[in-house]
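Please read the structure below before turning to the comments.
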Protein chains: 2
Amino acid sequence: MSSEKITSIEVAHRAGVSQSAVSRVFTPGASASKQTVEKVRKAASELGYRPNVLARAMVSGKSRIIGLLVAYLDNQFYPDALEKLSSALQERGYHLLVFMAGKDAGNIDNVVDEMLDYQVEGIIAASVSMSSKLAERCQSVGVPIVFFNRSQNDETRFAVTSDNYAGGRKVADYLVAAGHTKIAYIAGWQFASTQYDREAGFVDGLNKHQINLHARGVGNFTSEGAAEAARLLFDKDPPDALFVANDHMAFSVMDTLRYELGLSIPDDVSVVGYDDVPIASWPSFNLTTVRQRANQMVSKTVDIIIAQIEGDAAKPQNVKIEAPLIVRGSTRAIASCQPNSSVK
Amino acid sequence: MSSEKITSIEVAHRAGVSQSAVSRVFTPGASASKQTVEKVRKAASELGYRPNVLARAMVSGKSRIIGLLVAYLDNQFYPDALEKLSSALQERGYHLLVFMAGKDAGNIDNVVDEMLDYQVEGIIAASVSMSSKLAERCQSVGVPIVFFNRSQNDETRFAVTSDNYAGGRKVADYLVAAGHTKIAYIAGWQFASTQYDREAGFVDGLNKHQINLHARGVGNFTSEGAAEAARLLFDKDPPDALFVANDHMAFSVMDTLRYELGLSIPDDVSVVGYDDVPIASWPSFNLTTVRQRANQMVSKTVDIIIAQIEGDAAKPQNVKIEAPLIVRGSTRAIASCQPNSSVK
DNA sequence: TATGAAACACAAAACGTTTTTCTGGTTCAT
DNA sequence: ATGAACCAGAAAAACGTTTTGTGTTTCATA
């Protein structure tokens, strides 16, 4: 109650200088004499003055706000990434304004409009796709946009993903090498590039070894969907290996196989996931999976968006972070190769 | 590249009215003739005009930004709550600006200052405590603050938690009723009110039944800490029941007991958690736990902070949401009582 | 028809900064 | 001694809104 908002004018009065002098003292690039700086600093700290970011944003055009568009956080990969993303941006003086988007692309337009209303300096779209018309509009008002964990078809946007295609292939190679022949796949949400690329790499990998996909289910990246898909796949002619499009679904599938269908993993069936979220390494699951290097993905995303904001425009590209296969105990071992379950 | 920022002035020109008329058309409470409204709407949509939230914030003092202070997101209760929180606020025209705070209270002061620089209209502090001096300062500049899942000692702040004390008691009652006698506790981070209250309720509950706590470990709310605490507890004179201060640690404990120590749950030892995150109901864990009703906690939090912002000041209080015990398969059953494992 | 109230549009002030322009003083070389 | 060149500070413009007078028009009522 005591102190209302302190403005630079009040600081100026107390320091006996002009208001613009105060501004310059608080603006990194500006010049002021040592004497003035000291007087202003003293007055400011006595009054508890801090510059108003919004007022600064108005005139400078730099809000230091980045919009984060995200559809869901139940797959643990996202909170993890969000935490890293927020910290990394915070270190560089930016902050995330969060916008939840329904998975249905319907209202994404509105949400993006709202972001622009806040004068965000950039947009990070995580686990979300977007019409190119919409992306175009952001670009046209000078707001760069980076897709995180989703690539767009057109090569005119920035996107950061793991190398999903190569990851899918590695899984195929491994399962084939382990001697599996009836290999099935449980897909994620059909409109997600992660789903598409992982499957394409996986199927191509199988084909390379003259093997066809034994069966295919769809889990839509949800636990329930994945469980149901697993039930259907094992209803008749069950596979002996299963690649599930992400860890989140893989856990649900493993539970269904073990506790509902009474199967043993990997003796009856091998299971592979994708993401390597922390749970994957828990003994209960000990899941063989493809690791998405969240740290690298995040730092690349941050680098790109800040470069864009600050004008160091590079060519749009689809950055693919290499994604290693982490072999754990949910898959049958290859004779000549130890599972490296020591990996955390 | 085509369109630069469209301002209300340009809309005014095109519509042949004054700039303030445009403003009134876009301000809910204001009055304008039907004719004016129509002209302005038409011109605005032709130009693609949308009001600049930051400019509005400057003069009106309403940024429609709420600061979220959060320390970590690895316990799945938080991403879940965050998602709900963000959606609920979004519906009411507010958005969350995210600030990560190290768990150490050291830099919290700076982070709060940064929040205030952005002219946030309110602060939600999740999983974070704060010196009362700091909270006082926010209050003094008119920024309400609500603690989510942490209560403060002083009763002059708003806080929303589950009824942790009562929850702890329910666990004690249940374990005693199931015939356990050697009952141990694995604590969370010692400075968290959730940790303190849960333990207090638990211990009081045991004492009510003339039972003393058999042993106590400390896991600090981390997986590794909890695993280590479990090892120590079972090193000699092992307990026959274990209450772990949250689910996140309980999973780690269960894995350690089963896969490292070769124990069977609940035959050798019963395990109870707290939170009822989605994983708790997975068959692998099937964890008996105390449910924190995230939906209720979130909507209460939102109600409080918006009421504060809009001036309907109620008395500060510590809102405690009732937290039911969800009995699943990780605990020995009570003879006269069926475990309601059907609960999702 | 005259009059008062109500409705509405406009111009101007305000919000708290950064940035640009302007002014006066100092330094320095010529 | 004089002008140029610089520098720091003051003043003022700008950012895009909302809000606050103020004046005009409309309309109903007397």
Side-chain angles (χ1 to χ4, degrees), chain A residues 3-41 43-44 47-65 93 114 116-121 141-142, chain B residues 3-41 43-44 47-65 93 114 116-121 141-142:
Chain A
S3 63
E4 269 316 296
K5 295 263 158 60
I6 311 289
T7 74
S8 56
I9 294 186
E10 307 175 50
V11 176
H13 283 163
R14 176 177 264 251
V17 299
S18 76
Q19 180 270 332
S20 47
V22 176
S23 170
R24 282 198 312 278
V25 170
F26 282 91
T27 307
S31 77
S33 71
K34 223 173 109 180
Q35 204 185 23
T36 305
V37 169
E38 181 164 346
K39 277 191 298 186
V40 169
R41 284 248 128 81
L47 292 173
Y49 168 77
R50 310 204 96 222
N52 179 327
V53 173
L54 263 38
R56 170 180 292 168
M58 280 253 5
V59 52
S60 69
K62 317 241 139 253
S63 65
R64 309 215 69 108
I65 296 176
E114 281 186 55
L116 296 178
D117 292 350
Y118 276 92
Q119 312 300 111
V120 296
E121 290 195 65
V141 294
Chain B
S3 63
E4 269 314 298
K5 296 263 159 62
I6 311 288
T7 73
S8 56
I9 293 188
E10 308 175 49
V11 175
H13 283 163
R14 175 177 263 253
V17 299
S18 75
Q19 179 271 333
S20 45
V22 177
S23 170
R24 283 198 313 276
V25 170
F26 282 91
T27 309
S31 78
S33 70
K34 223 171 109 181
Q35 203 185 25
T36 304
V37 169
E38 182 164 344
K39 278 191 297 184
V40 169
R41 284 246 127 82
L47 292 172
Y49 168 77
R50 310 203 97 224
N52 178 327
V53 173
L54 264 39
R56 172 180 292 169
M58 280 251 8
V59 51
S60 68
K62 317 242 139 249
S63 65
R64 310 214 68 106
I65 295 176
E114 282 186 55
L116 297 177
D117 292 349
Y118 275 92
Q119 312 299 112
V120 296
E121 290 195 65
V141 294

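All values below come from the heavy atoms of this structure, side chains included, with hydrogens, waters and symmetry mates left out. Numbers restart at 1 for each chain; the letters A, B, ... are given by sequence-line order, proteins then strands.
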Worksheet item: About how many Å separate OG of A/Ser8 and NE2 of A/His13, when rounded to the nearest 0.5 Å?
Response: 10.0 Å
Response to the item:
note: B/Phe26, atom CZ; D/dT19, atom P; distance rounded to Å ~ 16 Å
Fill in: Phosphate contact (C/dG16 OP1 or OP2) by A/Thr7 side-chain N/O below 4.0 Å
no
Discussion item. Let me spell it out: for each of B/Val17 and B/Val59, pick the nucleotide of DNA chain C with the closest heavy atom. Which residue's pick is nearer the 5' end?
Written reply: B/Val17
Discussion item. Is it the case that the side chain of B/Arg64 and the backbone of B/Gly93 share a donor-acceptor pair, with hydrogens and angles ignored and the cut-off at 3.5 Å?
Written reply: yes
Discussion item. Using whole Å, what does the distance between atom C1' of nucleotide C/dC15 and atom NZ of B/Lys62 come to?
Written reply: 14 Å
Worksheet item: Does the ring of B/Phe26 carry B/Arg41 above it, NZ/CZ under 6.0 angstrom from centre and within 45° of its axis?
Response: yes
Worksheet item: Rounded to whole angstroms, how far apart are CG on B/Asn52 and C1' on D/dG16?
Response: 6 Å
Worksheet item: Does a nitrogen or oxygen in the side chain of A/Ser60 sit under 4.0 Å from OP1 or OP2 of C/dT18?
Response: no
Worksheet item: Rounded to whole angstroms, how far apart are CG on B/Leu47 and C1' on D/dG16?
Response: 15 Å
Fill in: B/Thr27 side-chain N/O to D/dT18 phosphate OP1/OP2 under 4.0 Å
yes
Discussion item. Return the CE to CG distance between A/Met58 and B/Asn52, rounded to the nearest 0.5 Å.
Written reply: 6.0 Å
Worksheet item: Are OP1 or OP2 of C/dG16 and a side-chain N or O of A/Ser8 less than 4.0 angstrom apart?
Response: no
Worksheet item: Can you give one letter per nucleotide of nucleotides 22-27 of chain C, 5' to 3': B if a protein heavy atom sits under 4.0 Å from the base, S if only from the sugar-phosphate, - if neither?
Response: ------
Worksheet entry | Interatomic distance, B/Met58 CE vs D/dG16 C1' [rounded to whole Å] | 10 Å
Identify the pairs formed between an N or O of the protein and an N or O of nucleotides 20-25 of chain D at a distance under 3.5 Å, and give each distance.
none

Discussion item. Evaluate A/Lys39 against A/Val17 for side chain to side chain contact (heavy atoms under 4.5 Å, CB included), listing each step before the verdict.
Written reply: CA-CA 9 Å; A/Lys39 277 191 298 186; A/Val17 299; 3.9 Å; yes
Discussion item. Below the 4.0 Å mark, does C/dT17 have OP1 or OP2 next to a side-chain nitrogen or oxygen of A/Ser23?
Written reply: no
Worksheet item: B/Ile9 has an atom CD1; how far is it from atom P of C/dC10, in whole Å?
Response: 14 Å
Worksheet item: Whole Å only: how far is the CD atom of B/Gln19 from the P atom of C/dA9?
Response: 14 Å
Practice prompt. Report the C-alpha separation of B/Leu47 and B/Arg14 in whole Å, then their side-chain angles, then the decisive distance to 0.1 Å, and conclude whether the side chain to side chain contact (heavy atoms under 4.5 Å, CB included) test is met.
Written response: CA-CA 9 Å; B/Leu47 292 172; B/Arg14 175 177 263 253; 3.8 Å; yes
Worksheet entry | Gap separating the CD1 atom of A/Ile65 from the CG atom of B/Leu54, nearest 0.5 angstrom | 5.5 Å
Worksheet item: To the side chain of B/Arg56, which of D/dT17, D/dA10, C/dC10 is closest?
Response: D/dT17
Worksheet item: Which heavy atom in A/Thr7 sits nearest to a heavy atom in A/Tyr49, and how many Å separate them?
Response: C-CE1, 3.6 Å
Practice prompt. Could you tell me whether a side-chain N or O of A/Ser63 sits under 3.5 Å from a main-chain N or O of A/Gln119, the two making a donor and an acceptor?
Written response: yes
Worksheet item: A/Lys39 NZ to D/dA8 P: how many Å, rounded?
Response: 14 Å
Discussion item. By the 4.0 Å heavy-atom rule, please label A/Val53 as base, sugar-phosphate, or nothing.
Written reply: nothing
Discussion item. Can you tell me how far apart NZ (A/Lys62) and CD (A/Glu121) are? Round to the nearest 0.5 Å.
Written reply: 5.0 Å
Worksheet item: Within the pair A/Tyr49 and C/dT17, is there a side-chain N or O less than 4.0 Å away from OP1 or OP2?
Response: yes
